[in-house]
2 protein chains.
Amino acid sequence: MIDTDELLSIRAAELYYEENKTQDEIGAVLRLTRWKVGRLLAQAKASGFIRIEIVHPRARRLIVERRLREHTGLSDAVVVSAAGVSTDEELQSRAAQAAADYLTALRPVPATLGISWGRTLHEVAQGLKPGWARGVNVVQINGGVSLNRRTGTAAATAVTIAQKGMGSATLLPSPAILERVETKLAIESDRAVATVLDLGSAASAYLFSAGQADENSALVDSGYLTVAQVAELVRKGAVGDIVGRYINADGHIVDLELDERTIGIRLEQLRRAPTAIAVIAGSTKHAVARAIVSSGLCTVLVTDEDTALAVLGEAP
Amino acid sequence: MIDTDELLSIRAAELYYEENKTQDEIGAVLRLTRWKVGRLLAQAKASGFIRIEIVHPRARRLIVERRLREHTGLSDAVVVSAAGVSTDEELQSRAAQAAADYLTALRPVPATLGISWGRTLHEVAQGLKPGWARGVNVVQINGGVSLNRRTGTAAATAVTIAQKGMGSATLLPSPAILERVETKLAIESDRAVATVLDLGSAASAYLFSAGQADENSALVDSGYLTVAQVAELVRKGAVGDIVGRYINADGHIVDLELDERTIGIRLEQLRRAPTAIAVIAGSTKHAVARAIVSSGLCTVLVTDEDTALAVLGEAP
DNA sequence: GGAAAACTTGCTCACATGAGCAGAGCTGCA
DNA sequence: TGCAGCTCTGCTCATGTGAGCAAGTTTTCC
């Protein structure tokens, strides 16, 4: 059965929030003193009967952000609202835009920014405003797409970010994954590649996304891995990839042999970075996001509400 | 593209509603005067970015109620919130409870209350508190269920309402629909029945629900009509039934011959009543609700949010 | 049955907030 | 260029609201 005070607090809330009456007026209607009305409203809020939602594509969930900062090793977090959003694409767009905003507001402005590539990063680049920085060196930190029709997307992302930031882009002239370790070592020691990798290792900040471990992975799409290979990785515990490297729920490399053939920054370098911004959103990426945050692979997480709750280990 | 002020108003709203900061503090963070912050918040509200919802089974939507009173001929309306409700059953329960509350608060307390029967009315009876009135004569205004296992439900409803209101129930000892007009006329002229019908015609207030016109109708369930008969009524434009009589979207009787065989109060009497409370909720009853309200068959409507919007002719 | 504890009530006071207003700045038109 | 009309800004002032407090009331437990 429902308590009389509870019912009164609901009546009061209706008059207060829907009819914009003052607590005094409500008191007159319900035959209560205005203090009692104030207490009833406080009670209604405390009981969670009053839900205030900010519905806007750019709305953030500051409460969840704080919880992330407090309960994880993250130094900062940006959580976009999932209110009224049905698709993962929309969530990823919102997060990408939020990442662009975050990057713009980031102080000190990074002199060198190491970035990965992919759909999300591309959207971040699109979301940046021309002039977001005054001179920034953008460096690719992992091997690019070059095996399929989407050739050039990775390069375009880096160039766009650099141009809008009135700076220059340094591209990593290499595939993401090589077939033989020997080839990988050879490419890595080539001066053109080595220079870029060194530059990437010394970046003042990193910005990257992550991929889920399934047939829709960008690495499968780009032709670096087959669906069967990914299935095998999943069997070994892979939850997703970060800068081209597949990790398990603990944030460890799943397949050392494959990793040896992968070109790009090493995870330890990422873990040591003072500023590593991960942009990860959408229901398919809950597991990777959690792995990345809990194993300290990023210092800043830009994500959506539901993914954030998954990272915190709470039901959505 | 999104306006700078719009974005600022969203940031301000986040800090105000989620972080409980004062407008002054927000001004300090966003480098604005507190007045500007106040204006931004007002703007965010006006643009509909701030959505305040009261989530509680007993919550009402006063704004919609007012719109109903203003845009229809209703003298009063009670609209329950549909927040977090998935089933029609739940909506009907909420509306029934609200109707019980409305009846309890109704002044002057009706000396004679004419009621119909059905699932909804039964729930209203359950929702009433013992002592809701001090002496009320409850009269059935349409023929009861008596053809199937649920015999007695209609009587139980009337008796419960009367007992809880410390009064007496007057039952209508007759079926809802007769097979032949002659039988109907004969029953109607029987003193026992005629007295009750006269009493019902002179009731100080009416409380009734309505049924949708489909195979789930209570009249089909009770065996008065076959599925085929209802289908035929629908073909003729029926949207539902009220006190056993099928009406079309204009509130007119659909089948005069059938109506002649139906025992109970006439629609004109209902239209003339100073207080006629209709309790109609659930997505299947939008059409009937609209027909009843627009043709003046009730003075008070107790319903759910979505049905209310349908009555107002707006999208849900 | 009575004292202690817990809660509730009505209040004062300080702070937060919205309405209203005057002046600054901008726009448009001759 | 100059003036009228418009919006925007920062302010004063009145009102609305929450924190804290003391007295009253109920509950609890011996």
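Per chain, numbering begins at 1; letters A, B, ... match sequence-line order. Any value given below was found using the heavy atoms of this structure, including those in side chains, with hydrogens, waters and symmetry copies removed.
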* To do: Identify the two heavy atoms, one from A/Val79 and one from A/Asp304, that lie closest to each other, and give their separation to 0.1 Å.
  =>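 Smallest interatomic distance, heavy atoms only, reads CG1-C, 3.8 Å.
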* Structure fact -> For nucleotides 17-28 of chain D, 5' to 3', base contacts (B), sugar-phosphate-only contacts (S) and non-contacts (-) with protein non-hydrogen atoms under 4.0 Å give BS----------
* Hey, is B/Glu14 close enough to B/Arg11 for a salt bridge, meaning N to O under 4.0 Å? ->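 Counted as a salt bridge, because a side-chain N and a carboxylate O are separated by less than 4.0 Å.
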* **SB check B/Arg67 B/Glu314 (cutoff 4.0 Å)** =>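 A salt bridge links B/Arg67 with B/Glu314.
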* Apply the test salt bridge (charged side-chain N to carboxylate O under 4.0 Å, His left out) to residues A/Arg58 and B/Glu6: give CA-CA distance (whole Å), side-chain angles for both, the deciding distance (0.1 Å), then the verdict. => CA-CA 10 Å; A/Arg58 301 287 273 268; B/Glu6 184 172 318; over 6 Å; no
* To do: Supply the atom-to-atom distance A/Gln126 CD to A/Leu128 CG, rounded to the nearest 0.5 angstrom.
  =>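 It is 9.5 Å, given to the nearest 0.5 Å.
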* Asked: What residues, two or more places apart in sequence or in another chain, satisfy side chain to side chain donor-acceptor pair (under 3.5 Å) together with A/Asp24?
  ->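 Not a single residue meets the side chain to side chain donor-acceptor pair (under 3.5 Å) criterion with A/Asp24.
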* Worked check of side-chain hydrogen bond (donor to acceptor under 3.5 Å, both in side chains) between B/Thr112 and B/Asn137 -> CA-CA 5 Å; B/Thr112 310; B/Asn137 189 15; 4.7 Å; no
* Give me the first and last nucleotide of DNA chain C, going 5' to 3', that has any atom under 4.0 Å from a heavy atom of chain B. =>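 Using the under 4.0 Å cut-off, the span is C/dA16 to C/dG18.
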